[in-house]
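As the structure is a computational prediction, the values presented were derived from the model and not from experiment. Only this structure's heavy atoms are used, side chains among them; waters, hydrogens and symmetry mates stay out.
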Amino acid sequence: MNLTINLNDKDVELLEKYANEKGITVSELVRQTVLDHIENDYDLRLYQEAMAELSCNPRLCSVGDIEREFMLD
């Protein structure tokens with residue numbers, strides 16, 4: 001799939017310079033940046049959901065409790 005985005009000359013120059021410094025193409029830079037952003041957004045959402053659940057149902061446990069629960073001891 002091809003995707004076209006419109007950028008002004010200043011933005012193109014910035015992207016080209018940064019991609020060149022990283023030793024990658026502008027296409028790879030944009031692709032990786034977008035995927036990283038999506039992953040970070042997803043991780044933040046999971047964190048927020050976990051914190052909301054924890055605030056509704058707080059459960060404190062020791063490292064030993066966790067080791068036993070996951071059979072790490």
Side-chain angles (χ1 to χ4, degrees):
M1 175 178 140
N2 291 319
L3 176 69
T4 302
I5 59 173
N6 295 315
L7 301 168
N8 62 41
D9 291 341
K10 190 175 181 180
D11 290 342
V12 170
E13 183 180 334
L14 178 64
L15 286 173
E16 287 174 341
K17 182 179 178 182
Y18 190 74
N20 189 42
E21 289 174 2
K22 295 291 186 180
I24 59 177
T25 64
V26 170
S27 180
E28 180 59 24
L29 171 66
V30 171
R31 178 186 166 282
Q32 192 57 54
T33 301
V34 169
L35 292 176
D36 287 348
H37 181 79
I38 292 169
E39 182 179 358
N40 290 341
D41 187 60
Y42 180 73
D43 289 346
L44 178 59
R45 224 173 315 140
L46 290 178
Y47 167 78
Q48 290 168 334
E49 290 171 8
M51 292 304 291
E53 183 179 331
L54 179 63
S55 69
C56 292
N57 186 18
R59 177 180 162 204
L60 299 176
C61 55
S62 69
V63 172
D65 294 337
I66 295 170
E67 288 174 340
R68 282 187 291 284
E69 182 174 341
F70 293 99
M71 295 179 268
L72 300 174
D73 55 353

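The distance from atom CG of Asn20 to atom CD of Glu16, rounded to the nearest 0.5 Å, is 9.0 Å. Between Met51 atom CE and Leu44 atom CG the span is 11.5 Å, to the nearest 0.5 Å. Rounding to the nearest 0.5 angstrom, the gap separating the OG1 atom in Thr25 from the CD atom in Gln32 is 11.0 Å. In this structure, CG in Asp36 is found 12.5 Å from CG in Asp41, a value given to the nearest 0.5 Å.
With respect to the salt-bridge test (charged N to carboxylate O, under 4.0 angstrom), the residues Glu28 and Arg31 qualify.
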*Start with the C-alpha gap between Leu46 and Tyr42, add the side-chain angles, then the distance that decides, and say whether side-chain contact (heavy atoms from CB on, under 4.5 Å) holds.*
CA-CA 6 Å; Leu46 290 178; Tyr42 180 73; 3.3 Å; yes
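Under the 4.5 Å side-chain contact rule for hydrophobic residues, Leu14 and Val26 do not share a cluster. Side-chain heavy atoms closer than 4.5 Å link hydrophobic residues (I, L, V, M, F, W, Y) into clusters, and following such links, even through other members, never connects Ile66 to Leu54. Linking Ile, Leu, Val, Met, Phe, Trp and Tyr whenever their side-chain heavy atoms come within less than 4.5 Å puts Ile5 and Ile38 in one cluster.
For Asn40, the CG atom counts as densely surrounded, since its 6.0 Å shell holds more than 12 non-hydrogen atoms of other residues, nucleotides or ligands.
Residue Asp65 comes nearest to Arg68 through the heavy atom pair OD1-NH2, 2.7 Å, listed as atom of the first residue, atom of the second, then distance.
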